[in-house]
Amino acid sequence: MPRSPLMDLAFGFMPAQMIHVATEIGVADAFTDDRPRSSTELAEATGTHAPSLHRLLRGLTGLGVVEQKEPDLFALTEEGRRLRADAPDSIRSLIRLFCGPQVWRTWGDMAETVRTGEYAWERVTGSTPFEYFASDAELSVTFNRAMAEHTRDVAPAVIEAHDFGRYGTVADLGGGDGTLLAAILLAVPGLRGVLFDLPSGLADSSGTLADVAERAEIVPGDFFEAVPERADAYVLKSVIHDWDDEKAAAILRNCRAAMGPGDRVLLLEQVMPEMVTPGSGGIVNNDLNMLVATGGRERTEAEFRELLNSAGLTAVSLTGPLRESAYHVIEAKIAD
């Protein structure tokens, strides 16, 4: 009988954890130059057990993270370099966050979430995700860096898809360290920006915005209470999907309260298709991650329009999927 492809999917946790362990112990960072290294050398650099590390390195060879030059000599591949903390295209923090113990446990408790409709993170950790991040300094740093890594990859396509030169001031709500805002301001000379987030999210923002500091204002605050006024466009990237409809609408209503007649809300989100086909795993997986981790959701175009309407806004346009990304730009204005 032929092997079921479901078997490979069912054991997908194995490569995920191999890559996660490699980031946690710093395997890629231990290759301080291009010279191949033995498991003993790497174990000394990472503080690990050499025979066990050798076995992990063989697994990482099969995944294309390292290349086995000799029975006990390994070299870092180009893809493996993306696990380095100092790589310009690093994905280290994304992997540490999404394969880390907290997210791992929430996915492990998915059955209970499906039975009850109650998201798992608070059940398994005792607090909401953002309360948990605020209470754990190391995890907060990992979260902020992971969001910056993801935003770094999406930002060029966002700037290409939308004319930010239309505005005088752009406010990035929930913008973290300012990676997106910095990219927008660098692309549009003369544009001013406001970076708005909880204090924990803004921790690294001064450094990120250093090159545009004279045009960027950093404002701590909570978008469930109010958002800054005086902006021509309010950008929310990967914010609305974190929340259920009630909380998402509350954020949008606060945007509506701060807006003038010609101002815009720009939602940067993935859009769930009405019908899912094989190969649509990315957005469906993201939706399930929201289900277990935050209680939020990915939404269809119709659901976004309904949500905006409930907050006194109306969608003006929606781009197709951005280049090299499943994100869309949903532009909205105050409803007539």
Side-chain angles (χ1 to χ4, degrees), residues 7-108 125 132-133 135-155 176-177 179 200 203-204 207-208 210 282 285 289 293 324:
M7 291 294 291
D8 292 330
L9 297 175
F11 290 105
F13 70 92
M14 293 181 178
Q17 278 301 299
M18 284 190 278
I19 295 170
H20 176 246
V21 171
T23 65
E24 281 294 304
I25 64 178
V27 168
D29 296 298
F31 288 90
T32 52
D33 52 40
D34 290 331
R35 180 176 63 83
R37 282 173 163 74
S38 69
S39 58
T40 299
E41 290 177 287
L42 292 169
E44 290 175 355
T46 58
T48 56
H49 179 243
S52 298
L53 181 59
H54 182 266
R55 294 165 71 173
L56 175 61
L57 289 165
R58 289 188 305 200
L60 294 172
T61 299
L63 300 177
V65 175
V66 297
E67 180 184 357
Q68 191 173 22
K69 298 289 190 180
E70 296 177 9
D72 190 25
L73 195 65
F74 299 87
L76 195 63
T77 65
E78 282 299 318
E79 193 62 27
R81 287 187 177 91
R82 298 193 68 183
L83 302 183
R84 292 179 59 94
D86 60 357
D89 58 350
S90 176
I91 54 173
R92 179 176 181 269
S93 293
L94 277 165
I95 291 170
R96 290 189 70 202
L97 175 65
F98 286 103
C99 293
Q102 295 81 15
V103 174
W104 196 254
R105 288 167 60 197
T106 64
W107 274 78
T125 68
Y132 194 92
F133 294 145
S135 68
D136 186 321
E138 182 178 356
L139 185 60
S140 180
V141 169
T142 297
F143 175 80
N144 290 339
R145 288 177 178 171
M147 297 302 99
E149 288 172 0
H150 180 259
T151 300
R152 173 204 65 209
D153 291 342
V154 173
D177 76 340
T179 294
S200 58
D204 297 324
T208 305
N285 292 348
N289 190 56
E324 299 180 1

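Between atom CG of residue L83 and atom CG of residue L60 there is a gap of 8.5 Å, rounded to the nearest 0.5 Å. Taken to the nearest 0.5 Å, the CE atom of M18 stands 4.5 Å off from the CG atom of L63.
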Where do D177 and T208 land on the side chain to side chain donor-acceptor pair (under 3.5 Å) test, with the steps shown first?
CA-CA 6 Å; D177 76 340; T208 305; 3.2 Å; yes

Passes side-chain contact (heavy atoms from CB on, under 4.5 Å), L97 versus F133? Steps please.
CA-CA 11 Å; L97 175 65; F133 294 145; 4.3 Å; yes

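Under 4.0 Å is where a charged nitrogen must lie from a carboxylate oxygen, and between R35 and E41 at least one such pair does. Taking a cutoff of 4.0 Å between a charged side-chain nitrogen and a carboxylate oxygen, R92 and E24 do not qualify as a salt bridge. A salt bridge is absent between D89 and R152: the closest approach of a Lys/Arg side-chain nitrogen to an acidic carboxylate oxygen does not fall below 4.0 angstrom. The pair E67-K69 meets the salt-bridge criterion, since a charged nitrogen lies less than 4.0 angstrom from a carboxylate oxygen. No salt bridge links R37 with D72; every basic N to acidic carboxylate O contact stays at or beyond 4.0 Å.
Between V103 and N289, the closest side-chain pair of non-hydrogen atoms falls below 4.5 Å. Taking the side chain as every heavy atom from C-beta outward, R145 and M147 never approach each other to under 4.5 Å. The shortest side-chain heavy-atom distance between E149 and S90 falls under the 4.5 Å cut-off. By the 4.5 Å heavy-atom criterion applied to side chains, L53 and I25 are counted as neighbours.
The aromatic rings of H54 and F74 sit perpendicular, their planes meeting at an angle over 60°, well past the 30° parallel limit.
Smallest separation of non-hydrogen atoms from A30 and L42: CB-CD2, 3.7 Å.
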